[in-house]
Structure formats: structure tokens, C-alpha cells
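First up is the structure itself, then whatever we jot down about it.
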Amino acid sequence: MAGKRGALIVLEGVDRAGKSTQSRRLVEGLRAAGMRAELLRFPERTTEIGRLISSYLEKKSNLEDHTVHLLFSANRWEQVPLIKEKLNCGINLVVERYAFSGVAFTSAKENFSLDWCKQPDVGLPKPDLILFLQLSTSEAAKRGDFGNERYENTFFQEKVLQCFHHLMTDKTLNWKTIDASKSIEDLHDEIKSIAEKVIQKVQPKPIGELWK
Ligand code: DGP
Ligand code: NA
Ligand code: NA
């Protein structure tokens with residue numbers, strides 16, 4: 001139907017909170033309910049920029065911290081034409097990680113201000129909903145060990161979490177914090193019901209611009 005756009009729904013949260021599982025389940029659940037929905041995730045490792053990022057995360061290469069921040073942002077911008085096209089033709093997008101991970105992970109490093117970190121992502125399509133999957137560091141630890149990628153340690157993740165909490169104080173964005181210690185099914189039901197309400201509400205509204 002002309003004029004009805006899809007919603008941009010972002011899932012954020014600390015590692016092992018269940019973002020991948022829940023993003024996938026949400027897309028499946030929306031489709032089962034007769035809606036159009038697709039999954040995106042950042043970093044999108046398959047593009048040229050994504051391959052540079054992937055090699056950095058796997059510690060196969062080193063990149064200067066400002067440089068890698070800008071590459072993560074560029075990796076989001078390169079998907080913007082596709083994101084807008086899909087939303088405008090009525091497809092709901094479920095996105096695993098977005099600019100908030102971008103800001104949280106770099107500003108957790110020494111000598112990076114939150115404000116500097118936000119600038120490259122200013123103007124990205126604004127999410128209609130940001131679901132923050134909240135899980136304490138001790139609960140996350142029960143779900144298994146970290147992998148071997150860069151950033152995968154408790155000390156750094158604690159700092160990342162603090163940055164996320166700061167970003168969540170922004171009342172111009174539709175943050176919803178979800179208790180991710182629940183079962184996969186309960187979490188899915190909660191997320192799906194929040195998402196469905198947002199999808200109904202945004203249909204007549206234009207796509208916003210993030211942090212603008
Ligand atoms: P994932 O594929 O979701 O496991 O994410 C890869 C790692 O990269 C994870 O530790 C989070 C981190 N990350 C995701 N997005 C960004 C970003 O924009 N900037 C930085 N510095 N790190 C990010
Ligand atoms: Na990871
Ligand atoms: Na990701």
C-alpha cells in the first residue's frame with residue numbers, strides 16, 4: 001500500500017545478551033504475522049569496508065582508533081540507500097547493532113569524547129525503536145566464555161555498558177530496555193509485541209534523521 005513505510009527497529013546490548021537470536025526470531029515472527037520484514041546486521045562484514053573491519057576484529061590487522069571508528073560508520077552509511085529503499089517500500093527492518101554500538105565501543109576507549117564519536121553517524125536513518133537487551137556482566141558470564149575477538153573482555157564491556165547507559169538518557173530516541181535474563185520465548189514475545197505497536201504507529205510518518 002502506497003505511503004506506508006516499514007519501521008526501523010534496532011537491537012542493541014552487551015555481548016551474549018541474545019541480540020542475534022532475538023533479531024532473527026523477530027523477523028520470523030513478523031513474517032508469520034503477515035508483515036514484511038528483513039534482517040540487517042552491523043558490522044556488515046561482506047563489503048570491502050566490512051572486510052577491513054572484520055580483519056581488525058579478528059586481530060589479523062591493526063588500525064588506528066579514529067580510523068576504525070570512521071570505517072564502522074562508513075560501513076553503516078554504505079547501506080543507507082538500501083535501508084531507505086526497503087523502508088519506503090514497506091519492509092520493516094530489524095537491525096542488529098547500529099550507531100549506538102559505534103559510539104559505545106569507541107567512547108569506551110581512552111581519550112574519545114561521546115560527542116566526537118557521534119558526529120560521523122549524525123543524519124543516519126533514525127531508528128523508530130531501539131531495544132536494549134539488558135544483561136548483567138555476571139549473567140552474561142554464565143552464558144559462556146568470550147570469544148577471541150578484539151573488545152571481548154569484561155573490563156572493556158563494562159565501559160561499553162556505561163556508554164550505552166549514557167546514550168539511553170537521550171529522550172529524542174525511542175529506547176526500550178528489556179530484561180534479557182528471561183527465556184528466549186518470553187523475550188521474543190515481549191519484543192514482538194513492542195515491535196508490532198511501533199510498526200503500526202510509524203506507517204504514516206517520514207523517516208527521521210539520527211541525532212539531528
Ligand atoms: P558482532 O559481529 O555483533 O559480534 O560485533 C563485532 C564486534 O564489533 C563487537 O565486539 C561489537 C563491535 N562493534 C560493533 N559495531 C561497532 C562500531 O560501530 N564501532 C566499534 N568500535 N565497535 C563496534
Ligand atoms: Na562479537
Ligand atoms: Na554486529
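Heavy-atom basis, side chains included; hydrogens, waters and symmetry copies ignored. Since we're looking at a predicted model, the values are computed, not measured. Order of listing sets the numbers, starting from 1, for every ligand and every atom in it.
Salt bridge present: D128 and R5 bring a charged side-chain N and a carboxylate O closer than 4.0 Å. Electrostatic pairing of E139 and K142 counts as a salt bridge here, judged by a charged N lying under 4.0 Å from a carboxylate O. Of the charged side-chain nitrogens involved, at least one lies within less than 4.0 Å of a carboxylate oxygen, so that K159 and E110 count as a salt-bridged pair.
Here is the list of ligand 1 atoms found below 4.0 Å of a heavy atom in R76: 17 (C), 18 (O). Atoms of ligand 1 lying under 4.0 Å from at least one heavy atom of L57, given by number and element, are 6 (C), 7 (C), 8 (O). Those atoms of ligand 1 that come under 4.0 Å of a heavy atom in G102, given as number and element, are 17 (C), 18 (O), 19 (N). Against a heavy-atom cut-off of under 4.0 Å, T106 is close to the following atoms of ligand 1: 21 (N).
Considering backbone and side-chain N/O atoms, E149 never comes within less than 3.5 Å of an N/O atom of ligand 1. Checked by distance only, ligand 1 and Y151 come closer than 3.5 Å through their nitrogen or oxygen atoms.
Under the 3.5 Å distance criterion, with hydrogens and angles disregarded, no donor-acceptor pair is assigned to the side chains of T154 and E158.
The shell of residues lying under 4.0 angstrom from ligand 1, judged by heavy atoms, includes R41. Using a 4.0 angstrom heavy-atom cutoff, K19 does not count as in contact with ligand 1. Under a 4.0 angstrom heavy-atom cut-off, R97 registers as being in contact with ligand 1. The closest approach between a heavy atom of R45 and any atom of ligand 1 is below 4.0 Å.
No close placement of the W175 and F164 rings is indicated, their centers lying 6.0 Å or farther apart. The aromatic ring centres of F112 and H66 sit less than 6.0 Å apart.
Taking the centre and axis of the six-membered ring of F146, the NZ or CZ atom of R16 falls inside the cone set by 45° and 6.0 Å.
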